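Here the structure comes first, spelled out in structure tokens, and everything after it is commentary.
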2 protein chains.
Amino acid sequence: MTSELSDPGNLVRRVDVDRTSPVPLYFQVATQLQELIESGEIGVGARIENEVDLAERLRVSRPTTRRAIQYLVERGMLVRKRGVGTIVAHPSVRRPVELSSLYDDLVAGDREPRTEVLDLRVTQASDAIAQALQLPPGTEITWIERLRYASGEPLALMRNAIPRTVLEPAREELAEHGLYVLLRRAGHVPRIATQVIGARSATTAEARTLGERRGASLLTMTRTAWDAGGRALEYGSHVYRASRYSFEINLSAG
Amino acid sequence: MTSELSDPGNLVRRVDVDRTSPVPLYFQVATQLQELIESGEIGVGARIENEVDLAERLRVSRPTTRRAIQYLVERGMLVRKRGVGTIVAHPSVRRPVELSSLYDDLVAGDREPRTEVLDLRVTQASDAIAQALQLPPGTEITWIERLRYASGEPLALMRNAIPRTVLEPAREELAEHGLYVLLRRAGHVPRIATQVIGARSATTAEARTLGERRGASLLTMTRTAWDAGGRALEYGSHVYRASRYSFEINLSAG
DNA sequence: TTTGTGAGTTTGTCAGGACAAAGTATTGAC
DNA sequence: GTCAATACTTTGTCCTGACAAACTCACAAA
């Protein structure tokens, strides 16, 4: 009995590798499998070809095939079961991109971000900020205060501290780009961040700046971000208009 | 020149493997390395023995050693650099435990949680809830409303919907344990969740239930959680007293 | 002083093979 | 027909061996 279902090999026929490319073989295989899954050519719940056959057909070793599949398993796109096979997971368990910045989110959501730089100066870290960044008190930092608009309306008041040795951005750069874009451009890749999200009522000054009624609910967020080496990159203390913004967070365990 | 620094091998001498154990070799090595790091016996920034020597000393193959190290790299405990070596990362980049529940957090923080079950019944999912859980409308769900106290004071009002086929907890269980404990006990391991966190002012009824002033700021959180197979486990819509609670979230990109 | 050059070290990629463990499906005894 | 034993499939673990790429450092040349 050779039905379509019992022969999942036919679903991944167009995967092929280029041995002249500097891109690792396992990554080529993983990328092409990912495309087949994301395009829907291999449907949710479908079984993909088993490791041994796939390796043979692509003329790569089984460890290479395993590594490609493992790569996608870690991203939640595939689920493996010993004795059963490897199946395509439901799209809702696919691990999302994380650690993006507000600016990127707004651009992606077509909400026309605009940034007004209220303050920009080099100063010494206060004790609280030094502690958050786990740096010695008095370390020189770049202090930034920005007002972020979306679709023409004020959305958030953002205060950030960045070690001077990490980044000292120009006013124009801050008006044009999100902070995380500037960090990455300077070669600092945030790997992990701790955020605390809370809420409180707006003070009179905040209400005026953000165009809210006095006492309106505000979302607060403080964050510290580090790179892979444990170097502190950024501390931020932001307030958002709760009527216009909420945080969407994707968590994964595994 | 054979200084302490140029011979990091001496730091991991007590790592050893047991070939009679059913625990995989790579995992034994990883666990023991992890203990050495967490106990501080290998300090932050210190280089660990290189793969080849470590493999030779433990009498395991290099791929096995690599896999153990890779395991810790993915958890942010080690950082690898080609041509340089593998060093112990700063503790702040170590990936945290995620997807824990409020109850667990409160227990961990010594805040004496107590739960009052306000409502518990089996009903049909509304369109909104069915959509959040990605189930057909009208699917039978367990509907739960709870009031959570911490240190004797009301903290949060929690409404949850769980597919009946996933869990149908008893009132006493809900009063005794967090929802995630019950889910895990029933064999449902949450792997990924989407949360939306916002804020708004309390209605009169909410203020009365939670012991706040009318118009006080509340934190709102809606969440849907899935297991590794993409099966929806839980939908929740919670409100927290912003004066008593905030969310701490650890994000990682890697 | 600065700039290449080359040797040495360390991690990254890949092959091919072997056996174990956990499922699924089939078969045979009762 | 039911249930247990068996065969088969598929992923999991582990090995040896080989070469490539990135980095450090010492040393020579400009």
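Just so it is clear: chains get the letters A, B, ... in the order the sequence lines come, proteins before strands, and each one is counted from 1. Predicted model only: the values in this text are computed from it and were never measured.
Between A:Phe27 atom CZ and C:dT13 atom P the separation is 10 Å, expressed in whole Å. We find that NZ of A:Lys81 is positioned 8 Å from P of C:dT24, with the value rounded to whole Å. A straight line from CZ of A:Arg82 to C1' of D:dT13 spans 8 Å, rounded to a whole angstrom. The separation between B:Arg62 atom CZ and D:dC19 atom P is 14 Å, rounded to whole Å. Rounded to a whole Å, the OH atom of B:Tyr26 is 13 Å from the P atom of D:dC15. Between A:Arg47 atom CZ and C:dT24 atom P there is a gap of 11 Å when expressed in whole angstrom units. Rounded to whole Å, atom C1' of D:dT11 lies 14 Å from atom CD1 of A:Ile87. Taking atom CD on A:Glu51 and atom P on C:dG16, their separation rounds to 16 Å, with Å as the unit.
In this structure, a donor-acceptor pair under 3.5 Å is present between the side chains of B:Glu234 and B:Tyr180.
Put simply, B:Thr64 has no side-chain N or O that comes within less than 4.0 Å of OP1 or OP2 on D:dT13. Between A:Thr86 and D:dT11, a side-chain N or O to OP1/OP2 separation shorter than 4.0 Å is present. OP1 or OP2 of D:dC15 sits under 4.0 Å from a side-chain N or O of B:Arg19.
Contact annotation for B:Arg67: backbone-only contact, meaning every heavy-atom pair under 4.0 Å involves sugar-phosphate atoms and none involves a base. Using a 4.0 Å heavy-atom cutoff across all strands shown, B:Ile69 reaches no nucleic acid atom at all. Base contact: B:Ser61 has a heavy atom under 4.0 Å from a base atom. Using a 4.0 Å heavy-atom criterion, one finds that B:Pro63 contacts the bases of the nucleic acid, with or without backbone contacts as well. Backbone-only engagement by A:Val60 is indicated by non-hydrogen atom pairs under 4.0 Å involving sugar-phosphate atoms exclusively.
Checking C:dT11, C:dC14, D:dT11 against the side-chain heavy atoms of A:Val52 singles out D:dT11 as nearest.
Within a 6.0 Å sphere centred on CZ of A:Arg171, other residues, nucleotides and ligands contribute more than 12 heavy atoms.
A:Ser237 contributes no side-chain N or O that, together with a main-chain N or O of A:Met221, makes up a donor-acceptor pair within less than 3.5 Å.
Using a cutoff of 4.0 Å between basic side-chain nitrogens and carboxylate oxygens, A:Glu168 and A:Arg121 are not scored as salt-bridged.
Looking at heavy atoms from C-beta onward, B:Tyr26 lies out of side-chain contact with B:Val60 at the 4.5 angstrom threshold.
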